[in-house]
Amino acid sequence: MITYSHGVNGEPVTIFVPETDGDLRTFMDWARSQPVLALDTETTGLDIFASGYRLRTVQFGTTREAWVIHYELGGRFVEAAQYILKRCPRFLIHNAPFDWLVLDAHANIPLESMAPRTTDTKIKATLIDPRQPQEGGIGTGLKPLSAHYVDPQAPDTQGDLTAVFRSLGLTKATGWAGIDLRHPTYNLYAGLDVIYTARLNPVLDAEHERLGVRPALVDYEHEIAHMCAHMQRAGLVLDLEYVDTLRRMLREEEEKYLTVAARYGVDSVNSGAQVSEALLAMGETLTEQTDGGALKVDKAVLLPLADLDRDWVSIGARAPNPLAEAVLRAKRAGKWVTSYADKFAANVDPNGCIHPTINTLQARTGRMSITGDFAAQTLPSSDWMIRRAVVGDHPDHIFGSVDFQAIEMRVLAALADVKRMKAGFCDPDPDPTLYPDGFDIHMYTARLIKGAAATGRDRKVFKGAGFGKVYGGGISTIARQTGATEAEIARAVAEYDRVFPEIKRASSRWQREARATGMVTVSVTGRRLPLDRHRAYAVVNYQCQSAARDVLGQAMINMRDAGLLEYMKLPIHDEIVFSAPKSDAKDIAREFERCMTMDLYGVPVTAEADLGAHSWGSLYGAAA
DNA sequence: AAGTTCACG
DNA sequence: ACGTACGTGAACTTT
């Protein structure tokens, strides 16, 4: 047995690294009697589903000691780790979804077995403060949390190991796979991580108590994390033949327009300086500036120069500038091939699946994000081309999606108790001649203000005003977004405030509360939402975005309880994407709608399903 | 590492 | 009194 003595917050701790069968028996005798163990794994990297991926080490610990089990050695080491993994009633894990999926894929310990026994200290910490240190927060990594809550002298275990990797001629990318399991720094830090996790947990509990973070919210977040890990494990099936075609086509398109751009002296279309210089030389005038003071040459600037509207359709207002068009097309093809098509091909697993990394509590508002191999929340939606690469789980499956209807506006009506808005949403039988596609809050508002004569343009203006309320936008921004004049918007916003006076009152109240509590506002679920001092106006948006996220979270729990988890593929803010057998798809879609239908403080929250064909792209236009 | 652009809800 | 559209992830260029 190798042992390391170390100090944590002035107290001695011991790290044990078993070497023999006898050492492993001592470990098991100790671990068997522990009601709760902190747990961590070390692996060859982050790409859990790639071939050749290995689980190297599993660590177990308490506030006083840690045991570092080298799983990679096989035999009795594997047996000992699995014995405790199956048996211990409760685990503390920092960022549990990663370790759940590692153990599920590489240690034969199912997610379904681990998740109900897990407390995730990252979830607890994020509910206290979701901000990273750069944003003025504590951070949500084990290192900043340990330094803040446990021991100011806590080492940067990951950072220091990276330095060790370099001294061994390895890199951050190769070090985790290449470091010798006997390396003392590797073993010491592997052990310290679980000791810090064990010490973090009671401090976080005390903070929750002090700040009023509800235990029900903690449980709810664990359930959401479990469901999202389930979706990550399943992944999405790719049509690899199509991915290859897509890559070829987009590269050709890019090349074609790069050649055109080069004729005008632009050899890098992504260089704003080159593009603006060449356009000026062609006699174009550029007026908009970037925050940094350079001339702006983004899509919004280039489209009019190319005589194209926002949907890239020819306007006929001027002679198109060939360079502007070439830059637009080359940049779009380039982005689509590198950010999407190439990444699909590079990250596909041996079964032809791609796995999203779902961060269930990423944004300050609690919103989820999807990062890494497959940023599925940000695939182009204006065209089916990219999403066409993703297909149903089985040949007889089709893709579907269920969206909340105008969720931000409904949440606003509910939270601010907006009487006339609520009355509109609550109308059980909206006149189909007025609302042929179902009730529409923006047309409702237009009619409330303009009467029966309200037009589609009125609708657009009041939709802008509504979004301005939800986002906290000013008159000029709303005008720019809607294309209406500032005078028109100013009048519309004033009328909006007249018919929905509760919004302004709620906004003032929330801003006052936020300031009084140090610019941290508390959502309806008790979630703490840190708000920058100079951005108090954003409190309405924080409340709405956060409540909408929690409504989706509740809907996801309803879906799981209804047996729909196996069909769920992705959460996308106000939408769930699913893959289901074609023969049952209509019934399944109805079930999804039912799970997303609920009441929020007297406002009905509703959802509508859309069924496509075999590919995800089929929901976005003409693809098969 | 910062700045710019572009993809999403 | 004034004025701020909200939240993300990722690639590429320039520094």
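Order of the sequence lines fixes the chain letters, A, B, ..., with proteins taken first and strands second; residue numbering starts at 1 for each chain. Since this is a predicted model, take the numbers as computed values, not measurements.
- Taken residue by residue, residues 495-514 of chain A places no heavy atom nearer than 4.0 Å to DNA chain C.
- Taking the 5' to 3' direction, DNA chain B first and last meets chain A under 4.0 angstrom from a heavy atom at B:dT4 to B:dG9.
- Contacts of A:T477 classified as side-chain hydrogen bond (donor to acceptor under 3.5 Å, both in side chains), with partners at least two apart in sequence or in another chain: none.
- A:Q274 places a side-chain N or O within 3.5 Å of a backbone atom of A:D267 that can act as its donor or acceptor partner.
- Note: A:Y242 and A:W384 have tilted aromatic rings, judged against thresholds of 30 and 60 degrees for the angle between ring planes.
- The aromatic rings of A:H442 and A:F467 sit tilted relative to each other, their planes meeting at an angle between 30° and 60°.
- Residues satisfying the ring pair (Phe, Tyr, Trp, His ring centres under 6.0 Å) test with A:Y257, not counting sequence neighbours, are none.
- In this structure, A:F578 has its ring center at least 6.0 angstrom away from the ring center of A:F399.
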Steps toward side chain to side chain contact (heavy atoms under 4.5 Å, CB included) verdict (A:L328, A:K299): CA-CA 7 Å; A:L328 282 163; A:K299 206 164 71 174; 3.7 Å; yes

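- The residue A:V297 sits close only to the backbone: its heavy atoms come under 4.0 Å of sugar-phosphate atoms, none of a base.
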Reading 5' to 3' through nucleotides 6-15 of chain C, protein heavy-atom contacts under 4.0 Å coded B for base, S for sugar-phosphate only, - for none: BBSBSSSSS-

Criterion side chain to side chain donor-acceptor pair (under 3.5 Å) on A:Q543 and A:T521, from CA distance to verdict: CA-CA 8 Å; A:Q543 293 282 3; A:T521 188; 3.0 Å; yes

Pair A:E254-A:R251, salt bridge (charged side-chain N to carboxylate O under 4.0 Å, His left out): steps then yes or no: CA-CA 5 Å; A:E254 187 191 22; A:R251 279 290 175 217; 2.8 Å; yes

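- Of the N and O atoms on the side chains of A:T140 and A:Q132, at least one donor lies less than 3.5 Å from an acceptor on the other residue.
- A side-chain donor-acceptor contact under 3.5 Å links A:N558 and A:Q554.
- Note on A:R247 versus A:D342: salt bridge recorded, some NZ/NE/NH1/NH2 to OD/OE distance being below 4.0 Å.
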Watson-Crick and G-U pairing of DNA chain C written in dot-bracket, each distance under 3.5 angstrom, with | for inter-strand partners: .....|||||||||.

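- Side-chain N/O atoms of A:D120 and A:H94 include no donor and acceptor closer than 3.5 Å.
- Using a 4.0 Å heavy-atom cutoff across all strands shown, A:L379 reaches sugar-phosphate atoms only and no base atom.
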